[in-house]
Amino acid sequence: MRPRYEVILRADHEADRPAARVDPTGGGAETRTPLRLAVAQPLCVPLDVAANARAHAAAVRAAGARVVVFPELSLTGYELEAPVVSSDDPRLAPLVEACGEVGALALAGAPVAGDHIAVLAVTGAGVTVAYRKMWLGDAEARRFRPGDAPVVLDVDGWRVGLAICKDTGVAAHAERTAALGIDVYAAGVLESARDAAVTDQRAHRIATAHRVWVAVASFAGSTGGGYTEAAGRSGVWTPQGEVVARAGTEPGESVSTVLYASGRIS
């Protein structure tokens, strides 16, 4: 089945100048297609990329969204010694197929060559490394290298800034990403259940400071790496800092909402 939407991805790095939006009607109001966005927290099998890719594919089909955000290292679990996942890894084929069927962009987490903790952008056309985590935890830094610049993806005219876990707690990351001109700040994270409030605090702060939508996909259940009970509670925040979509604490849950350029929701 052909995708329902033309997939347009463009990575804008920090040195680039954000493009101005032009109203073709001349009326002054910004006109863009509403964006259905989902955050998912699929069941994770540590180190089993094939099983996790199938779970991601099921989540994409169930969400029926244009953009589906997944947690940090979602394809391997939080296993810091996991082998890198390449863009042409055949185990990702079910996820590519699912994205093609529903016209989705999946933002999945994996270790990639470099070594980096990364966001993979998956569409029906294939897989690319979209973003490399800039701010690493102490244990992560023993293996991985930080990315060197924020990244924004253009999806149907919506500018989606990318982040991974600790990035969200560093004010400079949100500032540098927002300076590129973004509508949505999308992050894949991992927090323990006892630290669930951390995600909410960071998301609210970013949304209100930069007047952007914030979408956070948070691991749930056991994820490997010593996290036997991750927080879950993935969610979407308005530019005013209000929670408009919220998952529970169990793995396998996802929630979605429709974003409008005017800031209203449905």
Side-chain angles (χ1 to χ4, degrees), residues 37-44 46 68-74 76-80 107-111 116-119 131-142 144 146-147 150 160-178 182 184-257:
L37 181 147
V39 288
Q41 49 193 53
L43 178 68
C44 178
V68 185
V69 186
F70 290 94
E72 177 180 27
L73 292 175
S74 59
T76 60
Y78 192 73
E79 300 287 349
L80 299 184
L107 299 173
H116 297 280
I117 296 174
V119 174
Y131 171 71
R132 296 164 176 84
K133 185 176 183 178
M134 295 177 66
W135 299 90
L136 301 173
D138 292 342
E140 296 166 355
R142 288 196 284 271
F144 295 103
V160 181
L162 304 182
I164 302 174
C165 207
K166 189 175 180 179
D167 290 336
T168 65
V170 178
H173 184 273
E175 290 167 1
R176 291 172 63 183
T177 305
I182 63 172
V184 183
Y185 185 89
V189 310
L190 167 61
E191 294 289 349
S192 65
R194 66 178 179 273
D195 292 328
V198 170
T199 297
D200 287 49
Q201 293 164 359
R202 292 177 177 180
H204 182 272
R205 182 172 63 248
I206 293 166
T208 56
H210 302 289
R211 293 296 174 177
V212 295
W213 297 90
V214 175
V216 179
S218 174
F219 256 131
S222 177
T223 65
Y227 284 81
T228 57
E229 188 181 0
R233 292 175 53 80
S234 301
V236 180
W237 286 254
T238 70
Q240 293 74 41
E242 300 172 354
V243 179
V244 293
R246 171 78 82 183
T249 59
E250 296 300 316
E253 296 185 42
S254 66
V255 292
S256 65
T257 190

Problem set entry | Intermediate values then yes/no, side-chain contact (heavy atoms from CB on, under 4.5 Å), Val184 and Leu37 | CA-CA 10 Å; Val184 183; Leu37 181 147; 4.0 Å; yes
Problem set entry | Test side-chain contact (heavy atoms from CB on, under 4.5 Å) applied to Tyr185 and Leu162, Thr168, Val160, the passing residue | Thr168
For this session: Only counting residues at least two apart or in another chain, list the ones meeting side chain to side chain donor-acceptor pair (under 3.5 Å) with Arg233.
Result: none
Exercise. Any side-chain heavy-atom pair from Arg176 and Met134 closer than 4.5 angstrom?
Worked result: yes
For this session: Please name all residues satisfying side chain to side chain contact (heavy atoms under 4.5 Å, CB included) with Ala230, sequence neighbours left out, ordered by chain then number.
Result: Leu190, Phe219, Thr223
For this session: Mark yes or no for whether Ser218, through its side chain, and Ser234, through its backbone, hold a donor-acceptor pair below 3.5 Å.
Result: no
Problem set entry | Charged N-O contact under 4.0 Å between Arg246 and Asp200 | yes
Problem set entry | Backbone N/O of Tyr78 and side chain of Glu72: donor-acceptor pair under 3.5 Å | no
Exercise. Does the Asp167 side chain pair with the main chain of Ile164, one donor and one acceptor, at a distance under 3.5 Å?
Worked result: yes
Problem set entry | Whether Gln41 side chain and Gly248 backbone form a donor-acceptor pair below 3.5 Å | yes
Exercise. Is there a donor-acceptor contact under 3.5 Å from the side chain of Thr177 to the main chain of His173?
Worked result: yes
Problem set entry | Heavy-atom side-chain contact between Thr238 and Trp213 under 4.5 Å | yes
For this session: Flag the pair Pro111 / Phe144 as yes when at least one side-chain heavy-atom distance between them is below 4.5 Å, and no otherwise.
Result: yes
Exercise. Can you find a pair of side-chain heavy atoms, one from Ser222 and one from Pro46, that are under 4.5 Å apart?
Worked result: no
For this session: Indicate yes or no: at least one non-hydrogen side-chain atom of Glu140 is less than 4.5 angstrom from one of Lys166.
Result: no
For this session: Kindly compute the distance separating CG (Leu80) from CZ (Arg142), expressed to the nearest 0.5 Å.
Result: 8.5 Å
Seminar exercise, completed: When rounded to the nearest 0.5 Å, the distance separating CD1 of Ile206 from CD of Glu175 is 10.0 Å
Exercise. Rounded to the nearest 0.5 Å, what separation is found between the CG atom of Leu73 and the NZ atom of Lys133?
Worked result: 7.5 Å
